[in-house]
Amino acid sequence: QVHLEESGGGLVQPGGSLSLSCTASRSIFTFDTMAWYRQGSGNQRKLVAMIGTDGSTSYAEAVKGRFTITRDDARNTVYLQMHGLKPEDTDVYYCNADRQHLTLMEQNQGERSTYWGQGTQVTVSS
């Protein structure tokens, strides 16, 4: 029922910057958190950055001080500003929207607690 559309991925030189965006098909204010993940090498995606409805944020240790997650509720959009990019940042990045609680009626109507974007490739290479 909710679509997340990502954009902004591409190729950048080490030390460069890139900005990702994720636009939802409905108000992101209806979700408890919006987040960016990257695929990593394992089966589970790894959290990169998360932002709550109150603007509180959390970051993976590997990106602290270099990445910044922000939100624009009026545009139903979440951003990830990436600076000082390193080759190890190369990955597929996914937007995530999550709600902790759903009513039984919402569940019966097919609503889900978690939605994912299609992913956007970020490549850091010289």
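Positions are given from 1, in the same order as the sequence printed here.
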Legend entry - OG on S125 to CD on Q13, rounded to 0.5 Å: 7.0 Å

Inset, instruction - Please confirm whether the backbone N or O of T77 pairs with a side-chain atom of D72, one donor and one acceptor, at under 3.5 Å? - result: no

Inset, instruction - Could you tell me whether the side chain of Q39 and the main chain of D91 form a donor-acceptor pair under 3.5 Å? - result: no

Inset, instruction - Determine yes or no for a side-chain-to-main-chain donor-acceptor pair under 3.5 angstrom, with S17 supplying the side chain and H83 the backbone. - result: no

Inset, instruction - Let me see the working for D98 and W116 under side-chain contact (heavy atoms from CB on, under 4.5 Å), right down to the final yes or no. - result: CA-CA 9 Å; D98 187 82; W116 293 94; over 6 Å; no

Legend entry - Lys/Arg N to Asp/Glu carboxylate O, R75 vs D73, below 4.0 Å: no

Inset, instruction - Could you tell me whether a side-chain N or O of Q121 sits under 3.5 Å from a main-chain N or O of G9, the two making a donor and an acceptor? - result: no

Inset, instruction - Would you name the heavy atoms of D32 and Q100 that are closest together and state the gap between them? - result: OD2-N, 2.6 Å

Identify every side-chain donor-acceptor pair in residues 41-56 under 3.5 Å, counting partners at least two apart or on other chains, and give the distances.
| residue | atom | partner | partner atom | Å |
| --- | --- | --- | --- | --- |
| D54 | OD1 | S56 | N | 3.0 |
| D54 | OD1 | S56 | OG | 2.7 |

Inset, instruction - Indicate yes or no for a side-chain donor-acceptor contact from T123 to the backbone of L11 under 3.5 Å, with no hydrogens or angles considered. - result: no

Inset, instruction - Would you indicate whether the side-chain heavy atoms of W36 and E6 approach each other to under 4.5 Å? - result: yes

Inset, instruction - Nearest 0.5 Å please: distance from the OH atom of Y94 over to the OH atom of Y37. - result: 13.5 Å

Inset, instruction - Looking only at non-hydrogen atoms, find the nearest pair between T103 and E106 and report the distance. - result: N-OE1, 2.9 Å

Inset, instruction - Might you point out which heavy atoms bring R66 and D89 nearest each other, and give the distance in Å? - result: NH1-OD2, 2.8 Å

Inset, instruction - To the nearest 0.5 angstrom, please state how far the OH atom of Y79 sits from the SG atom of C95. - result: 11.5 Å

Legend entry - Given T70, I69, T33, the one that forms side-chain contact (heavy atoms from CB on, under 4.5 Å) with V78: I69

Inset, instruction - Taking atom types as modelled, find out whether N76 and T23 have a side-chain donor-acceptor pair closer than 3.5 angstrom. - result: no

Inset, instruction - Look up atom CE in M82 and atom CG in L18, then write down how far apart they are to the nearest 0.5 Å. - result: 4.0 Å

Legend entry - S19-Q81 side chain donor-acceptor pair, cut-off 3.5 Å: yes

Inset, instruction - Supply the atom-to-atom distance R38 CZ to L80 CG, rounded to the nearest 0.5 angstrom. - result: 9.5 Å

Inset, instruction - Rounded to the nearest 0.5 Å, what's the gap from CG on N96 to OH on Y93? Could you check? - result: 15.5 Å

Inset, instruction - Can you see which heavy atom on A24 is nearest to which on L4, and at what distance? - result: CB-CD2, 3.6 Å

Inset, instruction - Provide the closest heavy-atom pair for A97 versus M34 in the form atom of the first, atom of the second, distance. - result: CB-SD, 3.5 Å

Legend entry - Within-4.5 Å side-chain heavy-atom neighbours: L85 and F67: yes

Legend entry - Backbone of H101 reached by a side-chain donor or acceptor of R99 within 3.5 Å: yes

